[in-house]
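I have placed the structure first, in the form of structure tokens, so that the comments after it can refer back to it.
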2 protein chains.
Amino acid sequence: MRTGGNETKKKILAAAEELFAEKGFDGASVGMIADAVGINKGLIYYHFKNKDDILVSLFAAVIDELSEHLKNGPAPHGGAADGAAVRDKLRQEIRFLEKRKRILSVMLMEAFKREDKENFLLKCAEMSMKQEDEYFAGSRAHKFSGAASEQEYLVFEFFTGFIPVITFVAMKDKWTRYYNCDGDELLERFLDSFEKAHLTVHEPKAVR
Amino acid sequence: MRTGGNETKKKILAAAEELFAEKGFDGASVGMIADAVGINKGLIYYHFKNKDDILVSLFAAVIDELSEHLKNGPAPHGGAADGAAVRDKLRQEIRFLEKRKRILSVMLMEAFKREDKENFLLKCAEMSMKQEDEYFAGSRAHKFSGAASEQEYLVFEFFTGFIPVITFVAMKDKWTRYYNCDGDELLERFLDSFEKAHLTVHEPKAVR
DNA sequence: GTCTATAGCAGGATAGAC
DNA sequence: GTCTATCCTGCTATAGAC
């Protein structure tokens with residue numbers, strides 16, 4: 001197959017993303033990736049230094065995309081808290097993340113390994129929390145009333161904001177299969193839940 | 001070493017739990033487990049059918065413990081919502097889960113693999129949500145005001161209740177290392193956050 | 001119940017032809 | 001840029017002595 005190097009590299013990354021998400025990084029082998037692309041195993045080592053390099057490339061790409069996406073995100077809503085606008089923005093964010101659900105699943109798996117390696121999930125979290133921070137900067141509910149410290153704010157945003165969203169994106173397909181329900185409806189139910197649990201703290205006036 | 005079969009089996013399980021949590025199920029090998037226990041690789045196959053059998057034994061054990069724990073859990077608090085009591089109960093639950101943090105980390109990693117296998121995490125979630133259901137049964141905030149459907153209730157409990165708690169337990173050590181902070185303090189900050197985000201929906205009168 | 005030994009294969013990675 | 005061939009290590013799992 002003569003598709004040019006960059007095309008092949010992209011195909012390798014796509015197949016790797018799929019297989020890592022399916023079986024985990026250690027559960028998927030370089031040989032499987034090569035088979036999935038329809039190339040020889042050796043060719044992968046022309047395009048990547050080693051197996052880990054494939055994973056890091058995927059993580060770097062999603063971090064770049066996320067960073068770019070956040071930079072171009074909607075401007076801060078000034079002053080008045082508007083529940084519907086916040087919900088729409090969140091729905092939009094989740095749709096964006098859903099396109100990257102495979103690599104995000106892998107990032108989650110890697111983040112739960114207790115050995116310490118660079119934690120890409122925390123990197124993503126810090127990026128997106130910084131953005132949320134700016135988004136709510138104009139609102140009177142900024143950092144919500146009663147955040148005792150920077151540390152509490154971080155804990156709140158990470159465990160009750162970022163983690164539920166990322167987990168939802170990563171597990172949505174499993175959930176719809178397990179409970180045999182519709183994906184779009186599930187998203188709306190998640191938004192209901194997330195509004196009640198997380199967003200009301202930012203926006204005391206929103207739906208209860 | 002002559003310690004009797006059951007002792008050895010326990011040691012194998014303990015070492016496996018540690019290594020699976022450290023490197024993931026596929027990242028840890030049977031040989032590493034044997035080395036950690038100080039026994040021969042072959043002996044592991046006397047005690048377990050195969051590598052997967054070790055993992056399933058660990059999952060089964062934690063599910064049994066959790067089931068037992070939930071059965072003997074505090075009786076439902078009748079009528080009045082008491083914020084402090086709920087916080088104490090939750091702190092207690094987290095302390096219990098922290099003793100199983102390793103195997104819970106593994107359960108999380110496995111749950112994010114997109115291939116479908118038996119999902120032990122969802123099993124645990126269903127067990128513990130059923131218990132929470134009973135705990136709040138006497139409260140006027142049962143299933144919180146405004147849960148449109150059983151599906152919404154489930155989504156709410158899972159993504160804004162169960163997942164933040166389990167993730168907190170699995171990532172607490174990483175967090176304290178990354179942000180160089182104290183574990184007990186972090187737990188209190190998490191309880192603050194969780195009260196604000198999740199529990200207020202159960203208990204409209206609790207701290208805001 | 002524990003060990004030694006080894007089968008048998010798959011893994012990551014490299015060398016060199018084309 | 002791609003493929004073939006191959007190295008070597010490490011893996012899961014089994015057989016059989018003690």
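Letters A, B, ... are given to chains in the order of the sequence lines, protein chains preceding strands, and every chain is numbered from 1.
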Practice item. Could you list all the salt bridge (Lys or Arg N to Asp or Glu O under 4.0 Å) pairs where at least one residue sits in residues 14-37 of chain A, not counting sequence neighbours? Key: A:E18-A:R102, A:K23-B:E115, A:D26-A:K113
Expected list for residues 56-63 of chain B: side-chain donor-acceptor pairs under 3.5 angstrom, two or more places apart:
| unit_1 | atom_1 | unit_2 | atom_2 | d |
| --- | --- | --- | --- | --- |
| B:S57 | OG | B:D53 | O | 2.8 |

Practice item. Looking only at non-hydrogen atoms, find the nearest pair between A:I12 and A:I33 and report the distance. Key: O-CG2, 3.9 Å
Review point. Using rotation axes that map the C1' atoms of four end pairs onto the next four (five pairs an end), what angle separates the end axes of the helix from C:dG1-D:dC18 to C:dC18-D:dG1, to 10°?
Key: 0°
Check your understanding: To the nearest Å, how far apart are A:L55 CG and C:dG12 C1'?
Key -> 15 Å
Practice item. Please name all residues satisfying side-chain contact (heavy atoms from CB on, under 4.5 Å) with B:D184, sequence neighbours left out, ordered by chain then number. Key: B:R95, B:D182
Exercise for review: Would you mind telling me which of D:dC3, C:dT2, D:dA13 lies closest to the side-chain atoms of B:Y45?
Suggested key: D:dA13
Review point. What do the steps show when you test B:E65 against B:K99 for salt bridge (charged side-chain N to carboxylate O under 4.0 Å, His left out), and what is the final call?
Key: CA-CA 11 Å; B:E65 284 172 12; B:K99 289 178 205 146; over 6 Å; no
Point to revise | Spacing of A:N50 atom CG relative to C:dG11 atom C1', expressed in whole Å | key: 14 Å
Point to revise | Length of the line joining A:K49:NZ and C:dT14:C1', which is rounded to integer Å | key: 15 Å
Exercise for review: Measure the distance from CD1 on A:I44 to C1' on C:dG11 and round it to the nearest whole Å.
Suggested key: 13 Å
Check your understanding: How long is the line joining CZ of B:F48 and C1' of C:dT2, in whole Å?
Key -> 15 Å
Review point. OP1 or OP2 of D:dT4 sitting under 4.0 Å from any side-chain N/O of A:N40?
Key: yes
Check your understanding: With sequence neighbours left out, what residues match A:Y178 under side-chain contact (heavy atoms from CB on, under 4.5 Å)?
Key -> B:L122, B:E126
Exercise for review: In whole angstrom, give the distance that lies between atom CG of B:D35 and atom P of C:dC3.
Suggested key: 12 Å
Study note, to complete from the structure: Rounded to whole Å, CG of A:D53 lies from C1' of C:dT14 at a distance of 16 Å
Exercise for review: Respond yes when some side-chain nitrogen or oxygen of B:Y46 is under 4.0 Å from OP1 or OP2 of C:dG1, and no when none is.
Suggested key: yes
Review point. With B:D116, which residues qualify under salt bridge (charged side-chain N to carboxylate O under 4.0 Å, His left out), at least two apart?
Key: A:R177
**Study point:** Pairing residues for A:R91 by the salt bridge (charged side-chain N to carboxylate O under 4.0 Å, His left out) criterion, not counting sequence neighbours
**Key:** A:D88, A:E188
Review point. A:I39 has an atom CD1; how far is it from atom C1' of D:dT4, in whole Å?
Key: 14 Å
Check your understanding: Could you give all pairs that pass the side-chain hydrogen bond (donor to acceptor under 3.5 Å, both in side chains) test and reach residues 160-173 of chain B, with sequence neighbours left out?
Key -> A:R114-B:D173, B:E98-B:K172, B:K101-B:D173, B:T160-B:H198
Show the distances under 3.5 angstrom between N or O atoms of the protein and N or O atoms of nucleotides 9-11 of chain D.
| unit_1 | atom_1 | unit_2 | atom_2 | d |
| --- | --- | --- | --- | --- |
| D:dC11 | OP1 | B:S29 | OG | 3.1 |

